[in-house]
Amino acid sequence: MSVPTQLRALQALELAIRKGSIKAAAKELSLTPAAIGQRIRALEDYLGYELIVRGRTGIRPSREVKPALAHLSAAFRELETVSRLLDFQRVNEIHITADSDWADLWLLPRLAGYQEANPNILFCVNGVGDVPVRLGDSDCRVGFDLETGDALYRDYLLPVTSPENAKRIVQEPGNELEGFPLLHIDAYAVQAKDIGWPEWVSRFGHRATNPERGIRYQWVVQALEAVYANAGFVLCGLSLVQNEINEGKLNTPFAVEEGEWAKAEYQVQFRPDALERGVVQNFRAWLLKEARKTQHDLEKKIDQNQV
């Protein structure tokens, strides 16, 4: 294993043990639990023994890891300190940890325009970008359930499908979705506690059987690949796909009033010392402005009953 790969694996291990679960470590790093598990397994394969033990109350360090655990935790505390001390050498870098769907479908398409106007600013979003990921805290975090931070916007969830599938809908009142695969998103139903297909069908109808069945995806961006392949319908935040709807790549086959505002807002939390840097202040102002525009556009479309 290369040194960067080892460090990422050790970071995943330390966080999982400290947080008590792989899921909690994944949330901290804005990765999927599967990705955290893969990093830990790769390190186990490299070392030749188990690193964690799973039990009823969560995970705990294996017998081999226990003697090294205090040193591992101390090492990452020191690395975070070093990272902060060296931030003055990275004045034009902005490191972001964010909800994967929001980052891929909302932020990145807009970030190209921001970088065109600010070509000297380098970004790393969820470990990928112009510069390598650093081991210390990111400059800002974006998600649903941050304890403190600025509100960005509240999304609006509505069924979305491909234009081809929209044409195939049988115009039989109450059964328009009968027989179509329904794609379920854990990031909404589990993390944000938002409406899912069973609740949507119970409220609005259009299907008589098995609204709970269908393929489950962790993120919207994964399910959209199936949607583009005419493989089903997904309940999706409009802010993530509005451009594709405008361009005719996706379709919203039901009336806009047959949707629901998300229960939780997207929020952003900036590291206080990061905000001492002018480039971060500039990015924060731009981000909040773009978020306000998104909220205004969503409210306008919903009020006018058109998407």
Side-chain angles (χ1 to χ4, degrees), residues 3-4 7-8 11-12 14-15 25-31 75-155 221 237 239-240 242-243 262 264-300:
V3 172
L7 285 174
R8 285 192 289 268
Q11 181 189 38
E14 193 275 333
L15 265 175
K27 182 178 179 182
E28 181 78 13
L29 295 175
S30 287
L31 297 170
F76 275 99
R77 287 196 299 271
E78 289 299 316
L79 282 171
E80 289 177 1
T81 300
V82 170
S83 179
R84 286 193 294 270
L85 292 173
L86 294 179
D87 263 352
F88 71 92
Q89 295 183 7
R90 311 174 84 171
V91 293
N92 290 332
E93 295 182 15
I94 297 179
H95 291 252
I96 301 168
T97 303
D99 172 90
S100 291
D101 286 331
W102 180 88
D104 290 343
L105 300 173
W106 189 93
L107 177 63
L108 292 181
R110 290 167 172 79
L111 204 56
Y114 180 82
Q115 286 191 286
E116 186 175 346
N118 301 272
N120 294 324
I121 299 180
L122 306 175
F123 284 90
C124 181
V125 181
N126 288 342
V128 178
D130 309 312
V131 290
V133 64
R134 65 181 175 211
L135 290 172
D137 292 337
S138 57
D139 296 307
C140 77
R141 298 176 56 82
V142 176
F144 290 119
D145 54 357
L146 305 181
E147 294 181 1
T148 60
D150 298 304
L152 291 175
Y153 65 89
R154 190 181 303 274
D155 215 341
V221 70
S239 77
L240 306 180
Q242 190 60 59
N243 287 339
E265 293 178 306
Y266 284 112
Q267 295 176 296
V268 61
Q269 184 181 71
F270 283 87
R271 212 176 71 236
D273 57 319
L275 280 174
E276 296 175 3
R277 294 155 49 203
V279 294
V280 178
Q281 294 172 17
N282 179 275
F283 173 71
R284 176 180 178 275
W286 171 84
L287 182 63
L288 294 178
K289 181 179 178 181
E290 288 292 316
R292 286 194 297 269
K293 183 178 184 300
T294 295
Q295 187 70 69
H296 175 267
D297 289 346
L298 285 172
E299 292 173 353
K300 183 179 179 180

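All values derive from a computational prediction rather than experimental measurement.
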For this session: Would you check if L107 and I96 make a side-chain contact, meaning some heavy-atom pair closer than 4.5 Å?
Result: yes
Exercise. Within the side chain of Q281, is there an N or O that forms a donor-acceptor pair under 3.5 Å with the backbone of L275?
Worked result: yes
Problem set entry | Residue pair L298, S239: steps toward the side-chain contact (heavy atoms from CB on, under 4.5 Å) verdict | CA-CA 7 Å; L298 285 172; S239 77; 4.2 Å; yes
For this session: For side-chain contact (heavy atoms from CB on, under 4.5 Å), just list the numbers for L152 and W102, CA-CA rounded to whole Å, side-chain angles, deciding distance to a tenth of an Å, and then say yes or no.
Result: CA-CA 11 Å; L152 291 175; W102 180 88; 4.0 Å; yes
Exercise. Could you state the interatomic distance from CG (N118) to CD1 (I94), rounded to the nearest 0.5 Å?
Worked result: 8.5 Å
For this session: Measure the spacing between CH2 of W106 and CG of L111 and express it to the nearest 0.5 Å.
Result: 9.5 Å
Exercise. Looking only at heavy atoms, what is the nearest atom pair of G237 and D155, with distance?
Worked result: CA-OD2, 3.3 Å
Exercise. How far apart are the closest heavy atoms of L108 and V125, and which atoms are they?
Worked result: CD2-CG2, 4.2 Å
Problem set entry | Rounded distance [0.5 Å steps], OH in Y153 versus CD in E265 | 11.0 Å
Exercise. Can you check whether A262's main-chain N or O pairs, donor with acceptor, with R154's side chain at less than 3.5 Å?
Worked result: yes
Problem set entry | F283 and F270 aromatic ring geometry - parallel, tilted or perpendicular at 30°/60° bounds | perpendicular
Problem set entry | Side-chain touch V268/Y266, heavy atoms, less than 4.5 angstrom | no
Problem set entry | Q115 side chain vs L122 backbone, donor-acceptor pair below 3.5 Å | no
Problem set entry | Where R110 and W286 come nearest, the two heavy atoms and their spacing | O-CZ2, 3.6 Å
For this session: Take L287 and D150, measure what side-chain contact (heavy atoms from CB on, under 4.5 Å) needs, and give me the verdict at the end.
Result: CA-CA 10 Å; L287 182 63; D150 298 304; over 6 Å; no
Problem set entry | Chi angles and distances behind the side-chain contact (heavy atoms from CB on, under 4.5 Å) call for R292, Q295 | CA-CA 5 Å; R292 286 194 297 269; Q295 187 70 69; 5.7 Å; no
Problem set entry | Exam field: side chain D101 to backbone V221, donor-acceptor pair closer than 3.5 Å | yes
Problem set entry | Residues Y114 and N282: side-chain donor-acceptor under 3.5 angstrom | yes
For this session: Have a look at C124 and tell me which of T97, D139, V131 forms a side chain to side chain contact (heavy atoms under 4.5 Å, CB included) with it.
Result: V131
Problem set entry | Under 3.5 Å donor-acceptor, R271 side chain and S138 backbone | yes
Problem set entry | Heavy-atom donor-acceptor pair, N126 side chain to A98 backbone, under 3.5 Å | yes
For this session: Say whether, by atom type as modelled, one donor and one acceptor occur between the side chain of R277 and the main chain of E93 under 3.5 angstrom.
Result: yes
